[in-house]
Amino acid sequence: MARRFASSWPLTVKIPTLVAMLMVAVSVLVSQQVLSRLQATQEKHLQEMGNAYLDGLSSSLIPALLRHDVWEAFDTIDRAKGMYRGLAPAGTIVLDAQAMVLAASDPRAVPTGLSLPADVAARFPPGGGFFAEDDGSRAYLSRDLVFQDRTLGSVYASFDTSHLAAERREVLLTLIASNAFITLILAILGYLVVKRMVRPIRLLSDHLQQSATSDVVPVPIELQAARGETGRLFRSYGRLVDAVRERGELAQRLADEQRLASLGRLASGMAHEINNPLGGLFNSLDTLKRHGDKPLVRKATIALLERGLGGIRDVVKTALVSYRTGGECRPLQPADLADLRLLMRPETERRAITLNWTSELADSVAVDATKIRQTFLNLLLNACAASPNGSVVLFSARQAGTALVASIDDSGPGLPAEAARFLTSPDEARSPYEPEAGLGLWLVRRLVAEMSGEMEVETSALGGTRIVLRIPLREQEALSDVA
């Protein structure tokens, strides 16, 4: 959990924190080395001063030991204590050749004429030498007194080293304070430096987040003119923005061209659909001119004119509804599907294709009529184009629960695998500019995505492709229908 929490920190916090942690680790190591070296130096200096202290005592104590003069030994110890006050001797004990106490700086604790107490002897290193306590309060030094290769006795001296321990504590506190101050300064400097370094990345991040909800926005020109890695980063982002905008504009132009291409294909069929009744209408007008005085002929001719003009009106009206570019969003009516069937008639008659039409819609359906008509029209035109002359194309539409389900079957060779993946996979990175995908299919996928629908590509019983669409009903209207 702590790791997840730390991973959410910004770089401006992570890097200074890492610098501070490294500084603390280095400070601990350096402080340990400094204190160890200081303690070793203090002990070496203390040992040298202690040896000098014992050297001075030895030259004065040997005559006293030879004469076994206790008072001279006391006097020597007392005078040495005053002369070596800076060394801070805490206690001195002189033993004779029989290891009996001859004199001591504290005769009450160590009486004369007795052997050295075991607890006192245990503090000194056996065989002579130097020893310092771990807590740094005391140091012990002992030496044998030898005269003309004869051991006359020994001397034991202890020293108060608490002032040396206090000095080491002061050094430790100074190191902690200095390292803490330096670490804090470096952390602040690291924060400021990293904040300045990541400013371009933060700026680009803000632009990218903004582009997720709106159009991509380029960075200012003066930032793109910057030198070094920052300038190259901003210029690369600027080129990316230009490429995205050009791609969007090109996609929009291609979509418009696809609409015009579909309209052109329908226009050629509509011309045939309109010209045929026009010929009959002109013949009816000629008949009316010649035999208009006859009531029966006039009545039959006028009825023929009404039917012909009504058919032309229906063809024109359905074409206008299919390609209306306004923001109207109305429910799909059963008449809309009838209009599509009428629009497809010129194409099917030209190719001698049988269009089997099944519509189970008895009332309006809560889907965008304009988008669904464009989708069906593109798929029907593609199905007719893929099917050979004289074949069959199937269309069916029904409402299943809260969705509109429609299927289109053709008798062609089958949809290419690339185009099928492009239609059914939202993450398929197919470009509308690649001929395998097809502009019509790209427009269909875009319209279905805008309606939050789904498509499936299957093998048709006719031997070609079967495309199944499921378009969810708009929520408010679907709920009202259920209610």
Side-chain angles (χ1 to χ4, degrees), residues 258-259 261-277 307 310-323 332-362 365 367 369-400 404-415 419-420 423 438-441 443-444 447-448 453 455-471:
Q258 172 63 21
R259 289 169 58 88
S262 300
L263 183 59
R265 293 172 61 184
L266 287 176
S268 61
M270 287 176 57
H272 175 75
E273 188 73 12
I274 293 176
N275 282 333
N276 284 340
R307 289 194 300 272
I312 294 174
R313 179 197 60 197
D314 292 339
V315 171
V316 174
K317 182 181 68 174
T318 54
L320 290 176
V321 171
S322 297
Y323 288 90
L332 179 69
Q333 303 290 337
D336 293 317
L337 298 183
D339 292 343
L340 284 177
R341 189 176 186 181
L342 179 62
L343 287 173
M344 291 299 301
R345 184 184 301 169
E347 181 72 12
T348 55
E349 290 179 354
R350 183 177 65 84
R351 301 278 306 282
I353 292 176
T354 301
L355 179 59
N356 290 337
W357 195 275
T358 303
S359 176
E360 300 178 8
L361 302 182
V365 181
V367 295
T370 302
K371 292 180 180 179
I372 200 67
R373 282 166 61 101
Q374 292 183 19
T375 301
F376 288 164
L377 183 59
N378 277 277
L379 291 176
L380 286 169
L381 289 174
N382 287 342
C384 291
S387 301
N389 294 342
S391 60
V392 177
V393 172
L394 304 179
F395 174 84
S396 68
R398 59 187 176 86
Q399 180 177 345
L404 172 66
V405 180
S407 62
I408 298 174
D409 297 63
D410 62 55
S411 305
L415 196 64
L423 282 179
L439 291 176
L441 296 183
L443 182 61
V444 167
L447 292 173
V448 172
M455 282 185 290
E456 296 179 3
V457 178
E458 305 171 353
T459 301
S460 172
L462 301 178
T465 301
R466 173 184 174 89
I467 297 179
V468 180
L469 290 89
R470 290 181 175 84
I471 309 298

Participant: Where do S411 and P388 come nearest, in terms of heavy atoms and distance?
Facilitator: O-CD, 3.5 Å
Participant: Between L361 and Q333, is any pair of side-chain heavy atoms under 4.5 Å apart?
Facilitator: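 No, every pair of side-chain atoms sits at 4.5 Å or beyond.
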Participant: Using every non-hydrogen atom in the two residues, find where A383 and S387 come nearest and quote the distance to one decimal.
Facilitator: O-OG, 2.8 Å
Participant: Any idea which heavy atoms bring M344 and L355 closest together, and the distance?
Facilitator: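 Smallest heavy-atom distance, with atoms named: CB-CD2, 4.1 Å.
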Participant: Side chains of L379 and F395, heavy atoms from C-beta outward: is any pair under 4.5 Å?
Facilitator: no
Participant: Where is the tightest heavy-atom contact between A461 and D409, given as atom of each residue plus distance?
Facilitator: N-OD2, 4.4 Å
Participant: Roughly how far apart are R373 CZ and N378 CG, rounded to 0.5 Å?
Facilitator: 12.5 Å
Participant: Quick one, V444 and M455 - any side-chain contact, counting heavy atoms below 4.5 Å?
Facilitator: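 V444 reaches M455 side chain to side chain.
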Participant: Which value, rounded to the nearest 0.5 Å, describes the distance between L462 atom CG and S391 atom OG?
Facilitator: 8.5 Å
Participant: Do S359 side-chain atoms and A397 backbone N/O form a donor-acceptor pair below 3.5 Å?
Facilitator: no
Participant: Roughly how far, to the nearest 0.5 Å, is CG of L337 from OG1 of T358?
Facilitator: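 Answer rounded to 0.5 Å: 11.5 Å.
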Participant: Compare all side-chain heavy atoms of T348 with those of C384 and state whether any distance is below 4.5 angstrom.
Facilitator: yes
Participant: Rounded to the nearest 0.5 Å, how far does CG of L332 lie from NZ of K371?
Facilitator: 14.0 Å
Participant: So, do I471 and V448 sit near enough that their side-chain heavy atoms are less than 4.5 Å apart?
Facilitator: yes
Participant: Could you give the distance from CG (L394) to CD1 (I408), rounded to the nearest 0.5 Å?
Facilitator: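 Rounded to the nearest 0.5 Å, the CG-CD1 separation comes out at 10.5 Å.
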Participant: Report the distance from atom OG of S396 to atom CG of N356, rounding to the nearest 0.5 Å.
Facilitator: 10.5 Å
Participant: Are any side-chain N or O atoms of D410 and backbone N or O atoms of T465, one a donor and one an acceptor, separated by less than 3.5 Å?
Facilitator: yes
Participant: When you compare the side chain of I372 with that of D336, does any pair of heavy atoms fall below 4.5 Å?
Facilitator: no
Participant: Salt bridge (Lys or Arg N to Asp or Glu O under 4.0 Å) with E456: which residues, sequence neighbours excluded?
Facilitator: R470
